[in-house]
Amino acid sequence: MARGGRAGGKGFHEGPLVLFTALATMGGGVGAAWLLGIVVGAAGPAFPRPAAFLLSALFGAALLASLGHLGRPFRGPLALRRLGRSPLSREVAAVGAVVGGGVVAAALPMGSPWAGWVGGFVVVASLAALLSIGLVYRLPHQFAWRGAAVFQPLAQGTLWGWVALLGVPRLAPALAPDLVPAAVVGILLVADATLFLLRIPGRRGAPASAAATHPELLRFRRSIVGARLALGSALPAALLLLGAGGWALLSLSLGVVLDRLAFYGLGLRWSTEGEVARVEAFL
Amino acid sequence: MTSGAGFLLDLARCVGCGACVLACRMENQLPGAISWRRILPLNPARSPIGPTYHLSLACHHCEAPPCADACPTGALEKRPDGVVLLHAQRCIGCRFCEMACPFGAPAYDAVAGVMTKCHLCAPRLKEGLEPACVAACPTRALRFAADGGEAPPSFMAATDLPGFADPGGARPSLRLSPPAGALREAALEGLRKILAGEREPHG
């Protein structure tokens, strides 16, 4: 395996991004899960106010966390300048749209004729946000951040949102749990775990010119991946079977954070240093 | 060969003295933790099978710069003369260009909170001078080709040599002189074949 070289050794500056994407994944999941509820016939089009509050709070906190990663946070709005070209601009726009829609949905009076429209907007924006979180880092020289793995935040977020809506009855009183097929949770759990494993290539399976983005974290690869699968997949499944929805949600939340830590911390990328080491291996 | 502005590196001449790195730091008054140019030794252990080279590398001022494509604020601009220029006043310090560049060119200035990168000594170019790193090179290993200028025929696109894959199709403007001599050419060809059999970044 190639040496870490220039790609590594700069400290883990992605900490605020872990928080940003984790919170946005959970918030987007609430919207995506509501759409799933409509699809399976367990929910109506109007977004419930408590869920809209939660979604707005999560996305608002996510946006604040993202500012922590910027060297010049007061210039943050400039990130919307290249909506047509930059995937990062699109991600910021999608997250901003959800925050706006969520606030409006939460503020609408009960029984408002606009509830359905606003709810629809929030759901669509949530889906766009979840997709953009996966797509933003789809860079050609990054080995771990592309392929089907770009849909993983969508799967994980929907799972989190679904368990939140089912496990906390006050969030979505209009949801009819008796109409919810149990298989939905199982499918989401399997999809999320599978996409996560696709995203974490084995060291032996990586190209010779791959260099670790954070070599210092790569030493803990097994522990991070194991903890992510345990807290984000296995334990929630067991807790849901036992009927402990609240605990399952807590475990899933920790799993989302660990997932994002694994995303940034276990990245593998092509680098000139790696390529040079690959050449040297044949000399 | 005619192309946009960029660096030429003669592998047979570079001795890895570091004068280019120092000149760049002085010219651009870079703080201690930041360096826009670096020297990568190839085969520093002096394996007898191959020669030892020194690769003096900075921003390649790619034809399709992924850093500029990724930038959400438009702070990075590919100028018509080929220079990839960073407008610091538009930079928000999100470091996405650092993630998007396969060649490790953009460097983050933690004090200023913005990215920095090689600008081919644009102010010097304006005065008709060569970039500082090129001017400081004692062996003339590092040269500069202006926009539309001719490079000597011995130089080829860096990505045609092992060690300079172009995983994102950025088309770096760096040109290198390939190893000279029949033995070295044969070794290079052998190396190319071996590496071509391996899994490539897109594979």
Side-chain angles (χ1 to χ4, degrees), chain A residues 5-7 10-11 13-14 16-17 66-67 69-83 85-93 136-137 139-143 145-146 205-211 213 264 267-283, chain B residues 33 38 40-51 53 55 57 66 68-75 89-96 98-104 108-115 161-170 187 190-191 194-195 198-203:
Chain A
R6 194 176 169 83
K10 291 181 177 177
H13 66 82
E14 295 95 336
L17 292 181
S66 74
L67 293 178
H69 185 251
L70 299 183
R72 293 292 185 103
F74 291 109
R75 293 182 188 170
L78 289 178
L80 291 165
R81 282 190 61 175
R82 294 187 75 237
L83 283 177
R85 296 292 303 276
S86 170
L88 194 60
S89 284
R90 287 194 283 269
E91 184 191 40
V92 173
V136 75
Y137 293 114
L139 303 165
H141 61 288
Q142 298 279 5
F143 300 116
W145 297 352
R146 57 189 191 206
S209 53
T213 311
Y264 292 107
L268 286 174
R269 57 174 291 169
W270 182 92
S271 71
T272 309
E273 281 81 352
E275 191 77 359
V276 164
R278 182 173 168 235
V279 172
E280 281 176 344
F282 291 100
L283 295 178
Chain B
R38 66 196 195 274
L40 275 184
L42 174 59
N43 188 23
R46 295 183 180 273
S47 162
I49 302 170
Y53 292 115
L55 308 172
L57 304 172
D69 275 349
C71 179
T73 68
Q89 73 277 12
R90 283 188 221 156
C91 180
I92 59 174
C94 68
R95 304 179 73 161
F96 195 38
E98 188 183 23
M99 292 183 189
C101 172
F103 307 108
Y108 182 63
D109 182 344
V111 177
V114 294
M115 297 305 297
L161 285 171
F164 277 92
D166 182 13
L191 188 60
I194 292 168
L195 294 176
E198 283 196 341
R199 201 159 71 120
E200 288 299 317
H202 276 306

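Chain letters run A, B, ... following the sequence lines, proteins first and then strands; every chain starts at 1. Just so you know, these numbers use all the heavy atoms, side chains as well, and skip hydrogens, waters and symmetry mates.
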**Request:** Tell me, with the steps shown, if B:V114 and A:R75 meet side-chain contact (heavy atoms from CB on, under 4.5 Å).
**Result:** CA-CA 11 Å; B:V114 294; A:R75 293 182 188 170; 3.9 Å; yes
**Request:** Could you have a look at B:A68, B:C101, B:A33 and say which one has the most heavy-atom pairs with chain A under 4.5 angstrom?
**Result:** B:C101
**Asked** Mind checking whether B:R38 and A:T272 have side chains closer than 4.5 Å, heavy atoms only?
**Response** yes
**Fill in**
Heavy-atom nearest pair, A:A79 first then B:I92, reads CB-CD1, 3.9 Å
**Prompt:** Do the side chain of B:R95 and the main chain of A:G71 share a donor and acceptor less than 3.5 angstrom apart?
**Reply:** no
**Message:** Is there a side-chain contact between B:M99 and A:L88 in this structure, where contact means two heavy atoms from C-beta onward sitting under 4.5 Å apart?
**Reply:** no
**Message:** Please give me the minimum heavy-atom distance between A:S89 and B:P72, naming the atom from each residue.
**Reply:** OG-O, 3.1 Å
**Best-contacting candidate, A:L70, A:L83, A:L80, against chain B by heavy atom pairs under 4.5 angstrom** = A:L70
**Asked** Closest heavy-atom contact between A:V276 and B:P41?
**Response** CG1-O, 4.0 Å
**Prompt:** Side chain of A:R72, backbone of B:A112: donor and acceptor closer than 3.5 Å?
**Reply:** yes
**Request:** Rounded to the nearest 0.5 Å, what's the gap from CG on B:L55 to CD on A:E275? Could you check?
**Result:** 11.5 Å
**Fill in**
Of A:R90, A:E91, A:R82, A:R85, the largest count of non-hydrogen pairs under 4.5 angstrom with chain B goes to A:R82
**Asked** Which bit of A:Q142 comes within less than 4.5 Å of chain B, counting heavy atoms only: side chain, backbone, both or neither?
**Response** side chain
**Item:** Which portion of B:A70 sits near chain A, non-hydrogen atoms under 4.5 angstrom
**Value:** backbone
**Item:** chain A contact via B:A75 - side chain, backbone, both or neither, heavy atoms under 4.5 Å
**Value:** neither
**Asked** For A:V92, is it the side chain, the backbone, both or neither that has a heavy atom under 4.5 Å from a heavy atom of chain B?
**Response** neither
**Prompt:** With only heavy atoms counted, which part of A:L17 is less than 4.5 Å from chain B, the side chain, the backbone, both or neither?
**Reply:** side chain
